[in-house]
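Structure first, then comments.
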Amino acid sequence: MNARQEILARIRRAVAGAPEVEIPRGYRTHVTLEDPVGRFAERVGDYRAVVHVVPAAEVPGRLAELVAGRRMAAPEGLPWLEAVRGAAAELILDGPGLSVAELDRVDGVVTGCAVAVAETGTIVLDERQGRRALTLVPDYHLCVVQAAQIVASVPEALARLTPTSPLTWVSGPSATSDIELDRVEGVHGPRTLEVVISA
Amino acid sequence: MSATFLGMPGNLSKNTDFPKNAAKAVQNSQLRFNLRKATHTIRGKRAAVVSELPDWQDLRAAGRAIKDHTLRHLDRYLLQLEEAVTARGGHVHWARDAAEANRIVTDLVKATGEREVVKVKSMATQEIGLNEHLAAHGITAYETDLAELIVQLGHDFPSHILVPAIHRNRAEIREIFLREMPGAPEGLTDEPRALAEAARLHLRERFLKAKVAVSGANFMIAETGTMVVLESEGNGRMCLSLPETLISVVGIEKLLPAWHDLEVFLQLLPRSSTGERMNPYTSMWTGSVEGQDFHLVLLDNGRTRVLADEVGRQALRCIRCSACLNVCPVYERAGGHAYGSVYPGPIGAILTPQLRGMGSELDASLPYASSLCGACYEVCPVAIDIPQVLVDLRAKAPHGLAERAGMRAAWWLFAREGRLAAAQRLAARLRRLIPRRLPGPLGAWTDTRDVPDIPRQSFRDWWKESGS
C-alpha cells in the first residue's frame with residue numbers, strides 16, 4: 001500500500017461507526033451597521049493606519065497630494081491612475097517584466113481593493129491589485145477603498161470573493177508582538193498603510 | 001503504540017517527568033515574571049475582542065461541529081482537496097510519518113538545486129524536526145518569524161505556540177542578536193522597535209533572493225483547494241509569494257469542507273490567538289499561482305491514531321490558537337519547555353501523549369500536568385473539553401506497581417461488606433501503630449498527603465451500637 005492508500009485506510013478504520021454531526025449555523029451572516037464607512041475608518045485607524053475619508057470627486061486630488069515626489073508602483077487599470085502619474089516622481093506599472101529588485105527601489109505602491117470589512121478594519125486584495133509582491137515589497141502602501149466595497153462582517157466579505165484568485169487580507173501595517181507582547185508596527189511588510197476611503 | 005516522533009526540546013530528556021521539569025522551571029524567577037506578564041496581557045486582549053461579538057458562542061458551536069463533521073468524513077474531504085489542488089496545477093504528497101514527510105521535503109528541495117530555504121513559522125514542521133533533517137542533508141533552513149528567529153539564533157526551543165520566545169525578555173533578545181546575528185547594528189538597544197528593525201534588515205536580502213520556501217497552513221479548503229495562512233509580520237507573505245518553489249507541510253486535520261466555512265474560523269482564530277479583531281496579514285492561494293511551483297505534503301504522523309479514540313479525537317479540532325496556554329495556571333508557572341514537546345500547555349498535555357504514546361515517563365506524566373480547573377475548555381474556540389480528555393488519558397496512563405497493588409487490594413476489600421467491616425475494626429485497634437508516612441513505595445502517597453486519622457470506632461459500628 002502506498003502512503004495515500006494507507007492514510008485513507010487508517011482514517012476509514014478510525015471513524016467507522018462515529019456519529020454524523022449536524023452543523024448549527026446560528027451565528028450572524030449579515031450585520032446591519034448604521035455607518036459602515038465610519039466604522040471601517042475607526043477600525044482601520046485602531047491598527048495605526050492613516051485614514052482619509054473624502055468625497056469621490058476629491059479622490060484624485062488627495063492621491064496626487066499623497067504621492068507627490070515619491071517613486072510609486074501600481075497595478076494597471078486603476079481609474080485615478082492619471083492623477084498619480086501626474087504627481088509622482090515616477091510611476092511603474094506592474095507587469096511580468098517588473099523584478100523584485102526593481103520593486104525594492106520604489107517608495108510605495110498605490111492600489112484599490114476587492115472588498116473591505118468594517119467590523120475588523122480589513123482590506124482584501126485580489127489579483128486585480130497586481131501580483132502579490134507589488135503590495136508587499138515597497139515600504140508604503142496607499143489603498144483606495146470605495147464606500148460600496150465596504151461590507152459589515154467577515155461572512156459578507158467571503159461571499160464577495162473568488163477563491164481562485166490569490167488573496168491577501170490586510171489589517172493595518174505589518175506588526176509584531178513577539179518581544180514581551182509589545183506591539184511594534186512595521187516588520188517585513190509595508191511599514192506604513194494609508195487608506196483613502198472614497199465616500 | 002509505536003513511537004511517533006514529535007520535536008523534543010533537546011535540553012530535556014524523556015526520562016524526566018513533568019513534575020521534575022516544572023519544579024526546575026519555577027525556580028527561574030525571570031521566566032516566571034516573563035510568563036506572567038505575557039499570559040496576562042494576551043488574556044485581557046482576548047477577553048476584550050471576544051466580548052465584542054454577540055454571537056461568539058454560536059461561532060464556537062459552529063466551529064466545533066464543522067471540525068467534527070470534517071473529521072468524520074476526512075477521507076472524502078482529503079480526496080476532494082487533492083483533486084482541487086491538482087486541478088489548479090499543485091502537487092500533492094502524502095506522508096505517513098515524520099520520516100516520510102522529511103524525506104519528501106528534502107527530495108523536493110534537492111530537486112531545485114538550492115541549499116537554502118526560508119521558512120514561515122509552522123508547528124507541523126517543528127513537530128517532524130524538519131530543520132534538523134534538512135541540515136543533515138546540507139540544506140540550511142532560515143526561520144523568518146521574529147520569535148522563531150530569536151529561538152533559532154539563541155539555539156533555544158519554542159515555549160509557546162503563538163509567541164515561541166515568550167520566555168525571553170528584551171534584554172536577553174538583545175544579547176542573542178548581538179552575539180549571533182551577522183551584521184547586527186553595534187549600538188543596538190533593547191527597545192522592541194530597534195530589535196524588530198534589526199530583524200527586518202537581517203532578513204530582507206534573504207527574502208528577496210530566496211528560491212524555495214517551506215510553510216505550514218492554518219486551513220485548507222477541500223471544495224476549492226485553497227490554502228490559508230494567518231500571520232502578522234509579513235514574513236509569511238514574503239515566503240509564500242516571492243520564491244519560485246513553495247512547499248507546504250500540513251497536518252491532515254487542518255481541513256475545512258467549504259470556502260464559506262472560513263467565515264467561522266477567520267472570526268474565531270485571530271480573536272482567540274493574538275486578541276486582535278483580525279491579524280495583520282492573511283494569505284490565501286489555490287494551487288500554483290503566479291507561476292510558482294506548489295507542493296502540498298499531507299501529514300499523518302499519529303493523527304489517525306488520535307482519530308480512532310472516541311474521547312481523545314476532539315483534540316484534532318485544535319486550530320493552534322494558544323488561548324488555553326494563556327489561561328492555564330500550570331503553564332503560567334511551569335512554562336512551555338517543561339512539557340517536552342512542540343505542543344505545550346493544556347492542548348499539549350492531551351495532544352502529545354496521544355500522538356507520541358505514553359511509553360516514556362514524561363509523556364505518561366503529561367495528563368497530570370493540570371489542576372482540571374477547566375479554564376482551557378472555557379476559552380477554547382472549538383470547545384475541546386480538555387479536562388475530559390485529561391481524565392480519560394489518566395485512566396489509560398501506565399500506573400506504578402504500588403498503585404496497582406493498592407487498587408487491587410481496595411477492590412478486594414470493598415467487594416464484600418464483611419471484609420470492609422473486619423478491616424475497619426482491625427484498623428481501629430491498630431490505629432496508634434499507623435505511621436504518618438507510609439513505608440516503601442506507598443510513601444509516594446504520603447509525600448503530599450497526610451494519612452487520615454482513623455477513628456476509634458467505624459460509623460457502621462456506631463450506628464449498630466446506638467440501636468437505631
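Throughout, a chain's letter reflects where its sequence line sits, starting with A, and its residues are numbered from 1.
Residue pairs meeting the salt bridge (Lys or Arg N to Asp or Glu O under 4.0 Å) criterion with at least one member in residues 223-235 of chain B, sequence neighbours excluded, do not occur.
Taking each heavy atom of A:V15 and B:R72 in turn, the nearest pair found is CG2-O, 3.6 Å. Of all heavy-atom pairs between B:A196 and A:V184, the closest is CB-CG1, 4.0 Å. In terms of heavy atoms, B:G234 sits closest to A:H188 at C-CB, 3.9 Å. Here the shortest heavy-atom pairing between A:R132 and B:V289 reads NH2-CG2, 3.3 Å. Across all their heavy atoms, A:G189 and B:R200 have their closest contact at O-NH1, 3.4 Å.
At a threshold of 4.5 Å between non-hydrogen side-chain atoms, the residues B:L208 and A:L103 do not count as touching.
With sequence neighbours excluded, the residues forming a salt bridge (Lys or Arg N to Asp or Glu O under 4.0 Å) with B:E253 are B:R303, B:R320, listed by chain and number.
Electrostatic pairing of B:R96 and A:E6 counts as a salt bridge here, judged by a charged N lying under 4.0 Å from a carboxylate O.
Proximity of a side-chain donor or acceptor of B:D75 to a complementary backbone N or O of A:I11 within less than 3.5 Å is not detected. Formation of a donor-acceptor pair under 3.5 Å by the A:E180 side chain with backbone atoms of B:R170 is found in this model. Judged by distance alone, with hydrogens and angles left aside, the side-chain atoms of B:Y281 form no donor-acceptor pair with the main-chain N or O of A:T168 at under 3.5 Å.
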(Q) Test salt bridge (Lys or Arg N to Asp or Glu O under 4.0 Å) on B:R168 and A:D178; report intermediate values, then the result. (A) CA-CA 10 Å; B:R168 297 285 193 188; A:D178 280 347; over 6 Å; no
Run the side chain to side chain contact (heavy atoms under 4.5 Å, CB included) test on B:S241 and A:L136 for me, step by step, so that the C-alpha distance in whole Å, both residues' side-chain angles and the decisive distance to 0.1 Å come before the verdict. CA-CA 9 Å; B:S241 58; A:L136 173 62; 3.5 Å; yes
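B:R237 and A:T135 share a donor-acceptor pair across their side chains, judged by distance under 3.5 Å alone.
If you tally non-hydrogen atom pairs under 4.5 Å between each of A:L125, A:V21, A:L161 and chain B, the highest count goes to A:V21.
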